Amino acid sequence: MKVPYNYLPFEFKENHSIFDEWKKLIRSTDFTLGKYVKKFEDKFAAYTKSKYCVSTNNGTDALILSLKALNVGKGDEVISVSNSFYATTGAIVAVGATPVLVDCDERYQINIDEVEKKITKKTKVILPVHWAGASPDMSRIIKIARKYNIYIVEDACMGIGGRVNGSHPGTLGNIGAFSMHPLKSLNVMGDGGMIVTNNYKIYQWILKYRNHGMVDRDNIDIWGVNYRLQPLQAIVAINRLKVLNSVIKIRNLNAKYLDKKLLSLYPNLKIPKRINDHVETFSLYMVLAEDRDKLLKELIRKGIEAKVHYPTPLHKQKAYLRRFKKIKLPVSESQSKKLITLPVHQFLKKNQLDYMIKIIKDFYLTN
Ligand SMILES: *Cc1c(COP(=O)(O)O)cnc(C)c1O
């Protein structure tokens, strides 16, 4: 039996409604920004209960734009985590600031006890990640940020459709950045991203900077960039936003089923604690596994496309060590040797989940 990780062939099997809208767009030749991009931004602002949304060409640029909007640059420090996708630290480096990476906790989220210890006069931003589509304790991060008068930029790239005590990830800090990469919970047929904020000044600046600093066709106010979302992708995003809640619901059902069935494998397999008032997106369903590399091999051999996110934390990457001092983050380092990501997507059938559970159980019983 095959248990695929990639759900895209199933997701876009039925695409008539997207094609119909694409045809309208092609007839209009409105190929930059325009009404579909604006419509998506309005819908996403409403969905997240944010005042403002600006779409971007991807999640990395959404993070860069967020930091730039707060005038973060050379000489500034940004506190973030090492166990994330490259783009989190990459965005900090791209704006010329210094990443100050802290360790994570047992739920793979930023260790908030470590954050306060790392604050200096140069700290301008805390950049927590909603890693895997789960969330850190945002209320504690907000308290620290208020106490020291620093900004919060949330990397909510994997958090679209989640909830933190009733709020949407990315809406609790000053700015939230999201990605619509094909493997995120709200995805397009290529790259896309967005930013949300409740601050009008920040919104106006981002809007302008994203589009060459233009005030109108003949005048620029500041030097900007072109980080625009493609209208073709805005159409896909509007279409996918309609099914987002049901995607999250099915992923949660699958994750809860896996949690329940794999619980008995403790301590060989450790499932992270789930928080009652949080809704995770399960962009990644990750557990800590003994003999991870052997288990991974066995799963692949049996047709189950498990993955590792990631075998090397950011502070151990060559790119990091070229520029910054060596640091030790024992939890991230030890987790990177044990984490395994199992398929959990919305197109999996119960027999595929059961098959995966059986293979994992057999592995630990015979090893
Ligand atoms: C995907 C992702 C990004 C980058 O988004 P892109 O759209 O691929 O540029 C940044 N941070 C995290 C946590 C991500 O998962």
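Because the structure is predicted, anything quoted here is derived from the model rather than measured. Just so you know, ligand 1 is whichever comes first in the structure, and atom 1 is the first atom listed for that ligand.
Nearest protein heavy-atom neighbour of atom 9 (O) of ligand 1: Thr60 OG1, 2.5 Å.
Asp354 and Tyr257 share a side-chain donor-acceptor pair at under 3.5 Å. No side-chain N or O of Gln109 forms a donor-acceptor pair with one of Ser135 less than 3.5 Å apart.
The closest approach between a heavy atom of Lys184 and any atom of ligand 1 is below 4.0 Å.
For the pair Asp155 and ligand 1, the shortest N or O to N or O distance falls below 3.5 Å. Checked by distance only, ligand 1 and Trp131 stay at 3.5 Å or farther apart across all their nitrogen or oxygen atoms. Of the polar atoms of His181, none of the N or O atoms is found under 3.5 Å from an N or O of ligand 1, judged by distance alone. Checking only distances, Ser179 does come within under 3.5 Å of ligand 1, N or O to N or O. Considering backbone and side-chain N/O atoms, Val129 never comes within less than 3.5 Å of an N/O atom of ligand 1.
For ligand 1 and Gly59, the ligand atoms under 4.0 Å from any heavy atom of the residue are 5 (O), 6 (P), 7 (O), 9 (O). Atoms of ligand 1 found under 4.0 Å from any heavy atom of Ser84 (numbered from 1 in listed order, with element): 13 (C). For ligand 1, the atoms closer than 4.0 angstrom to any heavy atom of Asn58 are 7 (O), 9 (O). Set against the non-hydrogen atoms of Thr88, the atoms of ligand 1 under 4.0 Å away are 11 (N).
The existence of a salt bridge linking Glu333 and Lys337 is excluded, since no basic side-chain nitrogen approaches an acidic carboxylate oxygen closer than 4.0 Å. The existence of a salt bridge linking Asp113 and Lys117 is excluded, since no basic side-chain nitrogen approaches an acidic carboxylate oxygen closer than 4.0 Å.
Of all the listed residues (Ala132, Ala91, Cys157), Cys157 holds the heavy atom that lies closest to atom 3 (C) of ligand 1.
Both the sub-6.0 Å distance and the 45° axial angle are satisfied by Lys307 relative to the ring of Tyr5.
Under the salt bridge (charged side-chain N to carboxylate O under 4.0 Å, His left out) rule, Glu41 has a single partner from Arg210, Lys35, Arg228, which is Arg210.
Classified by interplanar angle (parallel below 30°, tilted 30° to 60°, perpendicular above 60°), the ring pair Tyr209/Trp205 is parallel. The aromatic rings of Tyr7 and His345 sit tilted relative to each other, their planes meeting at an angle between 30° and 60°.
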